[in-house]
Amino acid sequence: MKCSCCHEEYCETLTLIDFFSSFRGRCFRCQQLFRPIKNRQCCLGCGRETSEKICKDCQQWQAQLGFLIGNRALFHYDDGFAQWIEDYKYKGDYRLKSAFAREIHYQLKQVKQTIICPLPISPERFESRGFNQVSGCLAAAKIDYQELLLRPTNDLPQANKKRLARLKLPQPFVMRVSSEKIKNKKIILIDDVYTTGRTLYHGAELLLKNGAKSVTSFTFAR
Ligand SMILES: [Zn+2]
Ligand SMILES: [Zn+2]
């Protein structure tokens, strides 16, 4: 079998799920790269694993904006995940888009009557990277999505900014579709990593302002 992440051949006893799945699994080494978040023990706002019902950061979002985005995340953002992001997003190894296609597929195929919308990247970033890292993963996971938002101008990568500076960033998105298209629709925004939540909340605010019924989010890591 070929690993969905490093694409090396590896031997493993197939489970029934592997046998019927159209998605490849990961070799032992790549399996160790990603630590799943236990969904029963996570914050209702951001999806981080915690014993608190709503973490301090999310209590602030709730106070500031009057709602919680209800993020769910697959994996802990740790060294292993950071390595994947580095190789896939920053070094541009597009094959890594399939690394956890199976997990994304099973998570999002349960979502019904909801528009799945990846967060957009700016045209400059698209030009230099050659792909939207989130849409790439959704396509690998065979999940249909719609691009509802545009990010017209570029900005410094969030990773280079201090938390406080990130929280003060202005709205980076504009609508790509007419308000009619999202009126009374449920939307789930997808991003690679939930860091402060600022970008996702910006997306949610804009969509809600334009008539969406509800906006939640799903990220590959938290
Ligand atoms: Zn591997
Ligand atoms: Zn939280």
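Hydrogens, waters and symmetry mates are skipped; everything else that's a heavy atom, side chains included, is used. Start at 1 and go down the list; that is how both ligands and their atoms are numbered. Just so you know, these numbers come straight off a predicted model, no measurement behind them.
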Are E8 and R95 close enough for a salt bridge, meaning some N to O gap below 4.0 Å?
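Salt bridge absent between E8 and R95.
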Would you indicate whether Q41, at its atom CD, is surrounded by more than 12 heavy atoms from other residues, nucleotides or ligands within a distance under 6.0 Å?
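It does: Q41 CD has more than 12 such atoms within range.
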Is there a side-chain contact between K213 and K185 in this structure, where contact means two heavy atoms from C-beta onward sitting under 4.5 Å apart?
no
Heavy atoms, side chains only, cut-off 4.5 Å: are I37 and R48 in contact?
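Sidechains of R48 and I37: no contact.
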Less than 2.8 Å from the Zn ion (ligand 2) is the window; count the protein N, O or S atoms in it.
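Protein heteroatoms (N, O, S) closer than 2.8 Å to the Zn ion (ligand 2) number 4.
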Do any N or O atoms from the side chain of Y77 and from the backbone of T195 form a donor-acceptor pair under 3.5 angstrom?
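Not a single qualifying donor-acceptor pair exists.
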So, using ring pair (Phe, Tyr, Trp, His ring centres under 6.0 Å) as the criterion, who are the partners of F218 when residues are at least two apart?
none
Sorted by first residue and then second, give each side-chain hydrogen bond (donor to acceptor under 3.5 Å, both in side chains) pair with at least one member in residues 26-36; sequence neighbours left out.
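As it turns out, the side-chain hydrogen bond (donor to acceptor under 3.5 Å, both in side chains) pairs with a partner in residues 26-36, which skip direct neighbours, are R26-Q31, R26-E103, R35-D78.
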Under 2.8 Å from the Zn ion (ligand 1), the protein N, O or S atoms, given as residue and atom:
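The answer, once waters are left aside, is C3 SG, C6 SG, C27 SG, C30 SG.
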Using the rule that Ile, Leu, Val, Met, Phe, Trp and Tyr join whenever any side-chain heavy atoms are under 4.5 Å apart, tell me whether F75 and Y90 fall into a single cluster.
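Yes; tracing contacts between hydrophobic side chains, which count when under 4.5 Å, links both residues.
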How about Y201 and F67: are their ring centres within less than 6.0 Å of each other?
yes
